[in-house]
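Proteins come first, then strands; the chains are lettered A, B, ... in the order of their sequence lines, and each starts at number 1.
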Protein chains: 2
Amino acid sequence: MTVLAHTKVTRQDWLDAAMSTLIETGVEQVKVLTLATRMGVSRSSFYWYFKSRADLLDGLLAAWEAHNPAAMIAQAELPSQSICEAICNIHKCVVNPALFDIPLDFAVRDWARRDASVKARVTAADARTCAALAAMFTHHDYDPQEALIRARVLYYMQLGYDAAELNESWEERLANVSHYLLAFTGRPPRPEVVADFAAYARAHTGENS
Amino acid sequence: MTVLAHTKVTRQDWLDAAMSTLIETGVEQVKVLTLATRMGVSRSSFYWYFKSRADLLDGLLAAWEAHNPAAMIAQAELPSQSICEAICNIHKCVVNPALFDIPLDFAVRDWARRDASVKARVTAADARTCAALAAMFTHHDYDPQEALIRARVLYYMQLGYDAAELNESWEERLANVSHYLLAFTGRPPRPEVVADFAAYARAHTGENS
DNA sequence: TCGATTCTAGACAGAAGTGTCCAGAGGTTG
DNA sequence: CAACCTCTGGACACTTCTGTCTAGAATCGA
């Protein structure tokens, strides 16, 4: 009995439905039956387009790679007259959802936390992105070491990427975050506060609580 | 046959096992059978201590509330001689795992994304924390509006909290992030770059991509 | 129009989770 | 030592997933 009036679905339809489910509720909720009922179609139809659920998930990860990391790297490689313009190009990733899908990024990073193979692909993509950001700073005459620190701080802010994931030592972390704090209190920069932080950083680097 | 030599477990043992599973692999993986085998005990023993799985999860959320938000608020309310010292107190939350459990925070926020009642409790805790941070700034003579912005930017950095969760408008977001960018490029502050950003912010506020 | 190809529905099997029930082991107490 | 309370193991029922198989509807081309 052909009660349902809808036409046939495509492989892309399954991918789209899976993608929005991934973003809204996480990988664990990307279930064949759920997607099928949501699309008003039988569950077994799925297996015509995909070898298995794992096959579908692999497609989602590939779509993420082709979207977010690629976009941020492209923004980093855009020609720019000043470091201000360059950073603003990166800044657009946070501001423009079409350019960079933040909820998707969160969903994928969360997925990576509980799947080692996904984790590896995300880490590799992060390395490529960070390298592109560092290159952006060096092109504007920052020395390589400072460029890398700035790239990482920028990355934290852009993605809300937790420093713990980088497996830094306590000292590295304090140095980096102090770096940020020095900047944070200044608009307009108040010399006495900057000096205050510099003294704090000198006094506390190496201590452990 | 009593092959197993281990003694009885306690309610706290279940909570501890559930907590570390939550942190390592997410809520979805907090399963009664998994915890039981991990503790070398029968699954049905669980139901003597807890009414249901939901009861266990509620205990986990309560433990989070009593730990992380409470700790950051306590840090914010610590007496301080300068804003520098006050921010450094908050800064300790990122640096000292005993004070503030970042992986736990990530796990809970991820959980909140797919459970409305959890989301509500997390949002309420965030509001309390942000209020405490803003009060910290006002105590050091920042005007209320700037104090709130600084509290939120600080919060982004501390928790890697994505701005999207705050449901800001595009303009609010650009204003806040520009605020941050103004600070970011200065160590030591270079007046020409600051001016550059100020001009960019003036020119682009209100535009939409 | 007729046959081949493309896609879907429904039935089936099996794995993994939750929650219930109850016999009984193992301390504790009178 | 006997009764009692506390806790655990194992069996059972039920639900919700994944993946397979097969008949057959729908579509398209010759």
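S42(A) has a side-chain polar atom (N or O) that falls below the 4.0 Å cut-off from OP1 or OP2 of dA9(C). Remark: Y49(A) is in phosphate contact with dT8(C), judged by side-chain N or O atoms under 4.0 Å from OP1 or OP2. At least one side-chain nitrogen or oxygen of W48(A) sits closer than 4.0 Å to the OP1 or OP2 atom of dC7(C).
The pair R114(A)-E28(B) does not count as a salt bridge, with every side-chain nitrogen at least 4.0 angstrom from each carboxylate oxygen. Residues D126(A) and R109(A) are paired through a salt bridge, judged by an N-O separation under 4.0 Å between the basic side chain and the carboxylate. A salt bridge is absent between D115(A) and R121(A): the closest approach of a Lys/Arg side-chain nitrogen to an acidic carboxylate oxygen does not fall below 4.0 angstrom.
Regarding F46(A), its CZ atom lies at a distance of 14 Å from the C1' atom of dT20(D), rounded to whole Å. We find that CD of Q29(B) is positioned 11 Å from C1' of dG17(C), with the value rounded to whole Å. In this structure, the NZ atom of K51(B) is 14 Å from the C1' atom of dT20(C), given to the nearest Å. Per the geometry, CG belonging to L33(A) stands 9 Å off P belonging to dT16(D), to the nearest Å. Distance Y47(A) OH to dA11(C) P: 18 Å, rounded to the nearest Å. In this structure, NZ of K31(B) is placed 12 Å from C1' of dA15(C), rounded to the nearest angstrom. Distance, D55(B) CG to dT18(C) C1': 14 Å, rounded to whole Å. Taking atom CZ of R11(B) as the reference point, atom P of dT8(D) lies 14 Å away to the nearest angstrom.
Side-chain atoms of R43(B) and base atoms of dG9(D) include no donor and acceptor less than 3.5 Å apart. Side chain S44(A) to base dG10(C): a donor-acceptor pair is found below 3.5 Å. In this model, no side-chain donor or acceptor of R53(A) finds a partner on the base of dG19(D) within 3.5 Å.
S45(B) comes within 4.0 angstrom of the backbone, heavy atoms only, and of no base.
In this structure a side-chain-to-backbone donor-acceptor pair under 3.5 Å is missing from R11(B) to W48(B). Formation of a donor-acceptor pair under 3.5 Å by the D13(B) side chain with backbone atoms of T10(B) is found in this model.
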